[in-house]
Asks: 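Dropping the structure in here first, questions after.
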Amino acid sequence: ALKKAMDDRINDYEMHSLFYDVEMPFSVVLSDMEHAGIRVNPDKLQELSVKFGKKLIELTKDIYDLADTEFNINSPKQLGEILFERLSLPVIKRTKTGYSTDAEVLEKLRAAHPIVENILEYRSLMKMKSTYADGLLALVDKNTERIYTSFNQTVTSTGRISSTEPNLQNIPVKTEEGRHIRGVFTADGPGHVLLSGDYSQIELRVLAHISQDPGLIEAFIKGEDIHTRTASEVFGVLPEEVTPLLRDRAKAVNFGIVYGISDYGLAQGLGISNQEAQEYIDAYFERYPGVRDYVRETIRSTKLSGYVTTLLNRRRYIPDINSRNYHLRSFAERTAMNTPIQGSAADIIKVAMVKVYNHLKQNNLKAKILLQVHDEIILDVPEDELSIVKQILKQDMENAILLKVPLVVDFMQGYTWEEL
DNA sequence: GCGATCAGCGG
DNA sequence: CTTTCGCTGATCGCT
């Protein structure tokens, strides 16, 4: 009776294929990934912890000297008292309960007192040591020298998966120190390599497809650098005249489109005024009118139906779309335009992974899918299977779902995750 | 021991 | 007035 009730609703929502052809097979893929785990080098992890710890001791000394007192640097409350009362630095921002001491605030105070730079470095190193070095070490299986994460298929609103205990979807990559954490994740042993395939600009390609914007489609068909193209369009200069600064700003605008941030969020991200940010957004919609129309039409239809859908008919309800509260409504509007983009990208990589999984099985290959980090798939591959597995990965990822623009995948291989 | 708060990581 | 999500760790006040 329950099955019939659920089946009726799945059919009613036209989600039969999404459920039976994608999510159900995908659950088996995730299960195998969890069971496989990923090999780590615990000694290297321990070394990193010690190295971070030694630097933290030095920094702690320097910070105490500069403050001329000892306090708990890990306590935002105590740190705030030191910075804004004892050292009388200007208060930039407040939290609900007191002074804000986040990185954005500290960046603005960098020049005001030498202690600030030390605190920034301390914060970064403490994050690396506590969350990553020590946190991961505690979750290494001593018998197998592997880490087994849990993937959750049903927590996000967009259709993405999440990862816990540990979260292997937010391992550092942006800083040199952070990348070394990736160096502790290795292939299964000599004769094996890690192979990654990551989608290039999958969200913006999905946007090009669903909006059918001519400029966006042309950019991807011609294989242009999308951030440079956007900079050229938004700032009205020739592509060859796009400076790194302009490209960075355009990249932030594209980021905003993909993640559904507000003009306020874009302004914060770029360190410009809200008005300036709004002007960038207006210019973007002016130059990509298909995107403007897509956003308008999506908001209009969401107000009527109460939900948005992805390429594979995944559905998200957005009740606040008709709220009289400006902030709730604005947030709902960004969610309405963003969810089909992120959610469709999630659909695509799930389909790809099911295909890869089946093809590995059909060919009796030992290669295993280990991780998925939203737009990339990481596998462990015996070296003698590398050629065939690469072919499978390329074929299945690039042809997971046919779009009006090509899906481009970049491949990397190495003995450790840091090399990918 | 637990929940709220603040902070910071990735895509 | 606002701030992308999901995750984890440290602190702190509470039971």
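From a predicted model like this one, the values you see are computed outputs, not experimental measurements. Below, read A as the first sequence line, B as the second, and so on, with proteins coming before strands; counting in each chain starts at 1.
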Asks: Which nucleotide, if any, forms a Watson-Crick or G-U wobble pair with C:dT15, using both distances under 3.5 Å?
Replies: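 Looking at the geometry, C:dT15 pairs with no nucleotide.
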Asks: Salt-bridge test for A:Lys44 and A:Glu47: reply yes if a basic N is under 4.0 Å from a carboxylate O, no otherwise.
Replies: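 Result for this pair is no, no salt bridge flagged.
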Asks: Quick one: what's the B/S/- string for nucleotides 10-15 of chain C, heavy-atom cutoff under 4.0 Å, read 5' to 3'?
Replies: SSS---
Asks: Between C:dG6 and A:Ser163, is there an OP1 or OP2 to side-chain N/O distance shorter than 4.0 Å?
Replies: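 Answer no for this pair, as no side-chain N or O of A:Ser163 is under 4.0 Å from OP1 or OP2.
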Asks: Which listed nucleotide (B:dG10, B:dG11, C:dT4) is nearest to the side chain of A:Asn170?
Replies: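 When the side chain of A:Asn170 is considered, B:dG10 is the closest of B:dG10, B:dG11, C:dT4.
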Asks: Describe the nucleic acid contact of A:Val258 in one word from base, sugar-phosphate, nothing, applying a heavy-atom distance below 4.0 Å.
Replies: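 Nothing: the residue A:Val258, judged by heavy atoms under 4.0 Å, touches no strand.
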Asks: Which label fits A:Phe185 and A:Trp417: parallel for a plane angle under 30°, tilted from 30 to 60°, or perpendicular past 60°?
Replies: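 Correct class here is perpendicular.
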Asks: So what does A:Glu165 touch, heavy atoms closer than 4.0 Å: a base, only the sugar-phosphate, or nothing?
Replies: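 If one applies the 4.0 Å heavy-atom cut-off, A:Glu165 turns out to touch the sugar-phosphate alone, with no base involved.
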Asks: When the P atoms of B:dC6 and C:dT2 are considered, how many whole Å apart are they?
Replies: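 Per the computed distance, 13 Å lies between those P atoms.
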Asks: For A:Ala103, answer base if it contacts any base atom (sugar-phosphate contacts may also be present), sugar-phosphate if it contacts only those atoms, and nothing otherwise; contact means non-hydrogen atoms under 4.0 Å.
Replies: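 Sugar-phosphate only.
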Asks: Please classify the nucleic acid contact of A:Tyr326 as base, sugar-phosphate, or nothing, using heavy-atom distances under 4.0 Å.
Replies: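 No contact.
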Asks: Using a 4.0 Å heavy-atom cut-off, does A:Arg123 contact any base of the nucleic acid, only the sugar-phosphate backbone, or nothing at all?
Replies: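 The answer is sugar-phosphate, as A:Arg123 gets under 4.0 Å only of primed atoms, P, OP1 or OP2.
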Asks: Over all strands shown, is A:Ser100 touching base, sugar-phosphate only, or nothing at heavy-atom distances under 4.0 angstrom?
Replies: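 A:Ser100: backbone/sugar contact only, no base atoms under 4.0 Å.
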Asks: Just checking A:Phe255: base, sugar-phosphate only, or nothing, at a heavy-atom cut-off of under 4.0 Å?
Replies: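 A:Phe255: base contact, heavy atoms under 4.0 Å.
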Asks: Give one of base, sugar-phosphate or nothing for A:Thr335, where a contact means two heavy atoms less than 4.0 Å apart.
Replies: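 A:Thr335: no heavy atom of the nucleic acid under 4.0 Å.
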Asks: Heavy atoms within less than 4.0 Å of DNA chain C: which residues of residues 24-54 of chain A have one? Give them sorted by number.
Replies: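 When residues 24-54 of chain A is checked for heavy atoms under 4.0 Å from DNA chain C, there are no hits whatsoever.
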Asks: At 4.0 Å (heavy atoms only), tell me whether A:Arg182 reaches a base, stays on the sugar-phosphate, or touches nothing.
Replies: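 Touches sugar-phosphate only.
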